[in-house]
Amino acid sequence: MRGEKSATMRNPHTASITFLSIGVLASAELLPMLDKSLWIDEGASLYSAHLSWSALWHQSKVVDGVFLAYYAVLHLWVEISANIEWVRFLSVIAFGLTVVVIGHLGNRLGGFWCGVIAAVLTAANPLMIDAALDARPYALSALAATIAIYSLLRWRDSADDRWFRRFCIASLVALVLHIFAILAPLAVLVIVVLVRPMTLRRSWRRVVVPLGMTLLLSVVYGSLVLGQRGQIAWIPRMSVTNLLVDAYGPAGGYPRLGRIPYAMIIVALVGFGLVLIWLGRRRRSDSVDSSIRENLVVALAWAALPTLGLIAVSFVKPLYVDRYVIASAPGMALAVGLLLTQALKLNDPKRATRQCRAEGIAWGIIVVGLVANSIMIGSTAFENYAGVARYLENQVGVSGEIALPDHSVGTGVEYYLFNSRESPRLWPETPSQLYITALDLRENQVAFNSAQPNVWVVEDETTGLGAFLDNLTRHGYVIIGTRRFVDLRTVTVAHYKRSGR
């Protein structure tokens, strides 16, 4: 790549240690939050991970086929330990490695400080932090997509076709971990071909086969899981209100009080960089280096195109959820890093000592703010199944039982209940239920006749319990109280008692 030697740090060993340190520190910061309460989607992961290979395969034919690869990895991972902390640790590892890889990529494209900025902003990204503490495939898919793009850009700059094959392999890994993760590598590929058409022409005979196989397998895989598109029926239709929230794109995440400060810092850094570039070009005749411009276009495409594409499609068929574009989070961090480092280069490097100290203090405040924001995001529970279980332990006695409507809710509550000294009685389940979120409670006459006088029903926001509750009422049960556990999502425990007892 033009200017590559001057753009990278003179001591690669020191750069590697720096980026590894950022990744390790960012991961270590999240370790104390690994034991926070799991939520309904993690319940689905734990349930699926404990299925036999044949049962997992049969389940994937009707539901969560898009997560089959992740569930298979988790099936092996839980052989070591089934604790939620260990299950989430896999995502923490992927999170830390993504920080390291984007740091190295930033170093190659824009210099050492570009790598540092990209690594820090990736580590502080709300979506990345959510994914790191989530027993779901999003952190792993973001890592695979980042490795794919790193390999693609190495191929662009070196003409070594082994890097292109690595790009194809990593892209397919991203695809099977989460289908929308492949949008980021494909977006960057399109931009690379458009900006440097000679890159493809010089070696098209050697890359056409791996590229063709990658596209073919992507289409085949997409067609296989397309039949389960009902799983995303919960995504709301696009509206003006939703569009304002979706505009966060890869700067999104939960809670809202976490994504707002991060987005404000990103906007402030971009504004600061643009002002510096404008001032620098007024003072000097230097223009922005062409290689930096090209890399900035690549980073912006990585950051924006998957979000824009999913939002556009969502006006016809709702598809957009911010965690579906988590693979774009490193691209956004890289774009900010490239912009800032170029802005600083265009300005006089021999700044006054007072100015340098002020800049150092400003960067220190930003880093401290990002760390504090990261801790707040990481410590926020999505749902409080741990609290639900503690409440039930204290309420349900020998004359009561608990109705857990589906596999996800059941696994989430049972994970904590079965760690207690005395496990309460549970409402009987159907002998076979392949759908993870379908009703898992028996509704035959025997189940109702043998039920305890007191029944506690756990209701998640996504659970369809209408028919079961109607049946419960017809068999003489009346609701006498509810307890709501309000976090980012609400879980309700309703107490039903059979009248006359």
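The first residue of the sequence shown is numbered 1, and numbering continues consecutively from there. Worth saying up front: this structure is predicted, and the values here are computed from it rather than measured.
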Charged N-O contact under 4.0 Å between [X] and [Y]:
X      : Y      : answer
Arg489 : Asp460 : yes
Glu294 : Arg156 : yes
Lys36  : Asp487 : no
Asp134 : Arg136 : no

Tyr254 vs Phe382, ring-ring contact (aromatic ring centres under 6.0 Å, His included): CA-CA, chis, key distance, verdict: CA-CA 8 Å; Tyr254 302 94; Phe382 205 71; 5.5 Å; yes
Taking atom [atom1] of [X] as the centre, does the number of heavy atoms from other residues, nucleotides or ligands within less than 6.0 Å exceed 12?
X      : atom1 : result
Tyr435 : OH    : no
Trp86  : CH2   : yes
Trp163 : CH2   : yes

Exercise. Walk me through it: do Leu105 and Leu334 pass the test side chain to side chain contact (heavy atoms under 4.5 Å, CB included)?
Key: CA-CA 8 Å; Leu105 182 57; Leu334 177 62; 4.0 Å; yes
#### Entry: Audit row: Glu29, Ile375, side chain to side chain contact (heavy atoms under 4.5 Å, CB included) steps and yes/no
CA-CA 8 Å; Glu29 178 190 12; Ile375 293 173; 3.2 Å; yes
[atom1] of [X] to [atom2] of [Y]: how many Å apart, nearest 0.5 Å?
X      : Y      : atom1 : atom2 : value
Ile117 : Leu269 : CD1   : CG    : 7.5 Å
Met128 : Leu143 : CE    : CG    : 8.0 Å
Ile326 : Asp130 : CD1   : CG    : 8.0 Å
Ile266 : Met332 : CD1   : CE    : 4.5 Å
Leu274 : Ile277 : CG    : CD1   : 6.0 Å
Leu189 : Leu211 : CG    : CG    : 6.0 Å

Minimum-distance pair of heavy atoms, taken over all atoms of [X] and [Y]:
X      : Y      : result
Trp302 : Ala327 : NE1-O, 2.8 Å
Val316 : Arg237 : O-NH2, 3.6 Å
Ala251 : Asn125 : CA-ND2, 4.3 Å
Leu439 : Leu465 : CD1-CD2, 3.7 Å
Tyr221 : Val66  : OH-O, 3.3 Å
Ala335 : Leu300 : CB-CD2, 4.0 Å

Non-hydrogen side-chain atoms of [X] and [Y] separated by less than 4.5 Å:
X      : Y      : result
Leu152 : Pro185 : no
Val493 : Leu392 : yes
Ile84  : Asp35  : no
Asp157 : Arg196 : yes
Phe67  : Pro137 : yes
Phe180 : Val321 : no
Tyr385 : Ile40  : yes
Arg88  : Glu42  : yes

Ring centre gap for Tyr391 and Phe485 strictly below 6.0 Å =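 Ring centroids of Tyr391 and Phe485 are less than 6.0 Å from each other.
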For the backbone of [Y] and the side chain of [X], can you confirm whether one donor and one acceptor N or O come within less than 3.5 Å of each other?
X      : Y      : result
Glu383 : Thr490 : no
Gln342 : Leu339 : no
Ser37  : Ala381 : no
Asn373 : Gly258 : yes
Asn107 : Phe112 : yes
Ser379 : Met376 : yes
Gln59  : Leu68  : no
Ser60  : Trp57  : yes
His50  : Leu46  : yes
Gln433 : Asp440 : no

* Mind checking ring-ring contact (aromatic ring centres under 6.0 Å, His included) for His407 and listing every partner two or more places apart, or none if nothing turns up? =>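 With sequence neighbours excluded, His407 shows a ring-ring contact (aromatic ring centres under 6.0 Å, His included) to Tyr47, given in chain and number order.
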Passing option when Tyr320 is tested against Val325, Val245, Val313 for side chain to side chain contact (heavy atoms under 4.5 Å, CB included) =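 The passing option is Val325.
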message = Quick one, His104 with Tyr150, criterion ring-ring contact (aromatic ring centres under 6.0 Å, His included). Give me CA distance, side-chain angles, the key distance, then yes/no.
response = CA-CA 9 Å; His104 280 286; Tyr150 178 89; 7.4 Å; no
| message | side chain to side chain donor-acceptor pair (under 3.5 Å) for Tyr71 and Asp64? Distances and angles first, verdict last. | response | CA-CA 9 Å; Tyr71 291 159; Asp64 270 5; 2.5 Å; yes
Original post:
Going through the checks in order, is the side chain to side chain contact (heavy atoms under 4.5 Å, CB included) test met by His178 and Tyr324?
Top reply: CA-CA 8 Å; His178 191 265; Tyr324 290 177; 3.5 Å; yes
One pair to check against side chain to side chain contact (heavy atoms under 4.5 Å, CB included): Leu305 and Leu183. What are the steps and the verdict? CA-CA 8 Å; Leu305 288 185; Leu183 294 177; over 6 Å; no
